[in-house]
Amino acid sequence: MFAKTKSNNCCGSAIASVKVLVVGNGGREHALAWTLLQSPKVKQVFCCPGNGGTATMKGCENLPLAVDNFAEIARAVKENNISLVVVGPELPLSLGITDYLQRYDIEVFGPTQAGAQIEASKSWAKAIMAEAGVPTAKAETFTEAAAAKAYIQQQGAPIVVKADGLAAGKGVIVAATLEEALGAVDNLFKEGFVKLVIEEFLSGEEVSVLALTDGKNIVPLLPARDHKRIGEGDTGKNTGGMGAYAPAPLVTPELMEQIEREILQPTIATLGKKGIDYRGVLYAGLIITPEGEPKILEYNCRFGDPETQAVLPLLETPLDELLLACVRQKLSQQPPIRWKEGSAVCIVAASGGYPDAYEKGKVISGIEQAEATGAIVFHAGTKLQNSQLLTDGGRVLGITATGTNFLEAIARVYAATERIHFDGIYYRPDIGHRVNRQ
Ligand code: AMP
Ligand code: GLY
């Protein structure tokens with residue numbers, strides 16, 4: 001491997017040009033790369049491994065490296081004079097990419113392996129929530145099916161069964177009946193999970209607050225709403241997310257202030273007390289109860305997807321400036337974030353069959369026509385093959401449009417989405433249906 005060297009291009013606002021590496025290959029990573037390239041200081045963005053969209057975006061280049069190939073990522077950072085690494089997905093964070101790259105004095109946006117446990121282990125996260133005293137669902141952790149089942153029988157349904165470990169969005173079963181909950185316990189242990197969290201069911205409206213943090217200070221981005229279910233009216237199976245909008249009108253400035261004070265700040269303070277170096281995004285998946293009280297459902301250690309595709313197009317402050325302020329623990333010196341007026345909506349165009357089995361390799365057309373309407377088309381599961389753009393995943397594209405208000409953004413985003421075609425395309429026609437249209 002190469003010698004450890006002190007990075008020679010890491011000195012705050014003196015930097016004339018910044019090269020950034022975005023780790024990951026989803027719509028979130030395309031949105032991060034796109035937003036970084038809007039910054040006057042960002043001259044080039046690399047993506048590893050990236051997708052068809054990052055391969056063709058001006059100023060962006062894909063590096064064919066797996067997200068867990070830390071040694072090659074470190075080598076590429078040095079070879080290309082990259083001054084900042086932004087980690088998209090939870091997997092490399094939970095495997096310790098930040099700890100690894102920091103050993104080579106590489107500046108990384110994303111928590112260390114210890115911090116990433118907040119997403120990688122639900123039981124650990126619950127312990128942090130308890131220590132921080134933040135409002136959340138009552139929960140117990142189990143390592144044996146019999147004890148988990150006895151607890152479920154005692155509590156009754158509805159009840160939530162959560163796998164303790166990364167499960168690509170498939171580890172949470174919101175069980176309406178006892179039978180379903182008991183079955184979920186068997187299934188999750190059979191799948192190889194060794195710990196489960198059984199949690200009280202909370203009802204209300206969900207919102208995602210993605211907060212930037214330098215380990216001490218917290219700066220929330222605009223609140224977003226994700227539609228996780230595959231079907232219209234938020235029905236059917238859970239997915240990675242079928243569409244999102246920002247700002248979520250449910251979160252008033254007063255409520256955001258309460259979320260910061262009662263949930264985000266105590267959590268970061270607790271992580272700090274444990275000696276955890278958390279510099280990145282603390283993603284709060286919240287439920288707002290019918291009484292208007294925010295409760296934390298879960299934490300993620302990264303930007304949300306598709307929320308990021310709706311939030312970042314409204315950002316006016318250069319993204320690199322904010323991310324570097326987190327990495328350099330200077331968030332308190334950062335002026336308030338500037339946002340564009342209005343709303344943004346992202347529609348996810350998925351492969352037919354998703355979130356179950358689906359086919360890949362379908363020709364995608366209409367992206368230019370969609371972009372001609374003013375929308376931005378972020379790629380997720382796409383690849384370029386012989387200059388042809390093909391589907392290569394379940395969630396294929398995230399089409400985002402902004403508007404001076406929510407209804408304008410909705411009208412624009414669907415006008416753009418209708419122009420896109422591939423065999424089996426599926427998207428929800430009702431993203432944003434919960435927003436009051438009066
Ligand atoms: P996750 O995969 O951890 O993001 O959770 C998936 C979804 O499960 C969340 O977005 C919620 O819709 C739902 N969920 C998680 N915990 C609870 C809970 N305690 N009560 C009700 N729904 C929950
Ligand atoms: N959109 C949900 C997530 O990023 O986990």
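All values below come from the heavy atoms of this structure, side chains included, with hydrogens, waters and symmetry mates left out. Order of appearance sets the numbers: ligands from 1, and atoms from 1 within every ligand.
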Practice prompt. Provide, to 0.1 Å, the distance between atom 11 (C) of ligand 1 and the closest protein heavy atom, together with that atom's residue and name.
Written response: Glu206 OE2, 3.1 Å
Worksheet item: Are the side chain of Asp99 and the backbone N or O of Gln113 linked by a donor-acceptor pair below 3.5 Å?
Response: yes
Worksheet item: Is a side-chain N or O of Thr308 found less than 3.5 angstrom from the main chain of Arg28, in a donor-acceptor match?
Response: no
Worksheet item: Can you tell which part of Lys228 has a heavy atom less than 4.0 Å from ligand 2: side chain, backbone, both or neither?
Response: side chain
Discussion item. Give me the residue, atom name and distance of the protein heavy atom closest to atom 16 (N) of ligand 1.
Written reply: Lys162 NZ, 3.0 Å
Practice prompt. May I ask you to decide whether Arg428 forms a salt bridge with Asp430, counting only side-chain N to carboxylate O separations under 4.0 Å?
Written response: yes
Discussion item. Would Leu202 count as being in polar contact with ligand 1, using the rule that some N or O on each side must be under 3.5 angstrom apart?
Written reply: yes
Worksheet item: Side-chain donor-acceptor pair under 3.5 Å between Ser351 and Lys362, yes or no?
Response: no
Practice prompt. Show which atoms of ligand 2 fall inside a sub-4.0 Å distance from at least one heavy-atom site of Tyr283.
Written response: 1 (N), 2 (C), 3 (C), 4 (O), 5 (O)
Response to the item:
Under 4.0 Å from one or more heavy atoms of Gly304, ligand 2 contributes atoms 4 (O)
Worksheet item: Would you call Ser208 and Pro223 a side-chain contact if the rule is heavy atoms closer than 4.5 Å?
Response: no
Response to the item:
For Gly240, the atoms of ligand 2 under 4.0 Å from one of its heavy atoms are 1 (N), 2 (C)
Worksheet item: Which is closest to atom 1 (N) of ligand 2 in terms of heavy atoms, Leu210, Asn238, Thr308, Asp226?
Response: Asp226
Worksheet entry | Numbering as shown, the atoms of ligand 2 that approach Asn300 to under 4.0 Å (heavy-atom distance) | 5 (O)
Practice prompt. Considering heavy atoms of the protein only, find what lies nearest to atom 3 (O) of ligand 1 and give residue, atom and distance to 0.1 Å.
Written response: Glu298 OE1, 2.7 Å
Discussion item. Quiz question: by atom type and distance under 3.5 Å, do the side chains of Thr177 and Glu179 form a donor-acceptor pair?
Written reply: no
Practice prompt. Fit a plane to each ring of Trp34 and Phe378, take the angle between them on a 0 to 90° scale, and name the class: parallel (under 30°), tilted (30 to 60°) or perpendicular (over 60°).
Written response: perpendicular
Worksheet item: What is the distance from atom CG of Leu397 to atom SG of Cys346, rounded to the nearest 0.5 Å?
Response: 9.5 Å
Worksheet, complete the sentence: among protein heavy atoms, the one nearest atom 5 (O) of ligand 2 is Arg302 NH2, 2.8 Å
Worksheet item: At a 4.0 Å threshold, what atoms of ligand 2 neighbour a non-hydrogen atom of Glu307?
Response: 1 (N), 2 (C), 4 (O)
Discussion item. Regarding Glu131 and Lys273, does a basic nitrogen lie under 4.0 Å from an acidic carboxylate oxygen?
Written reply: no
Worksheet item: With a 4.0 Å heavy-atom cut-off (strictly under), which part of Lys122 contacts ligand 1: side chain, backbone, both or neither?
Response: side chain
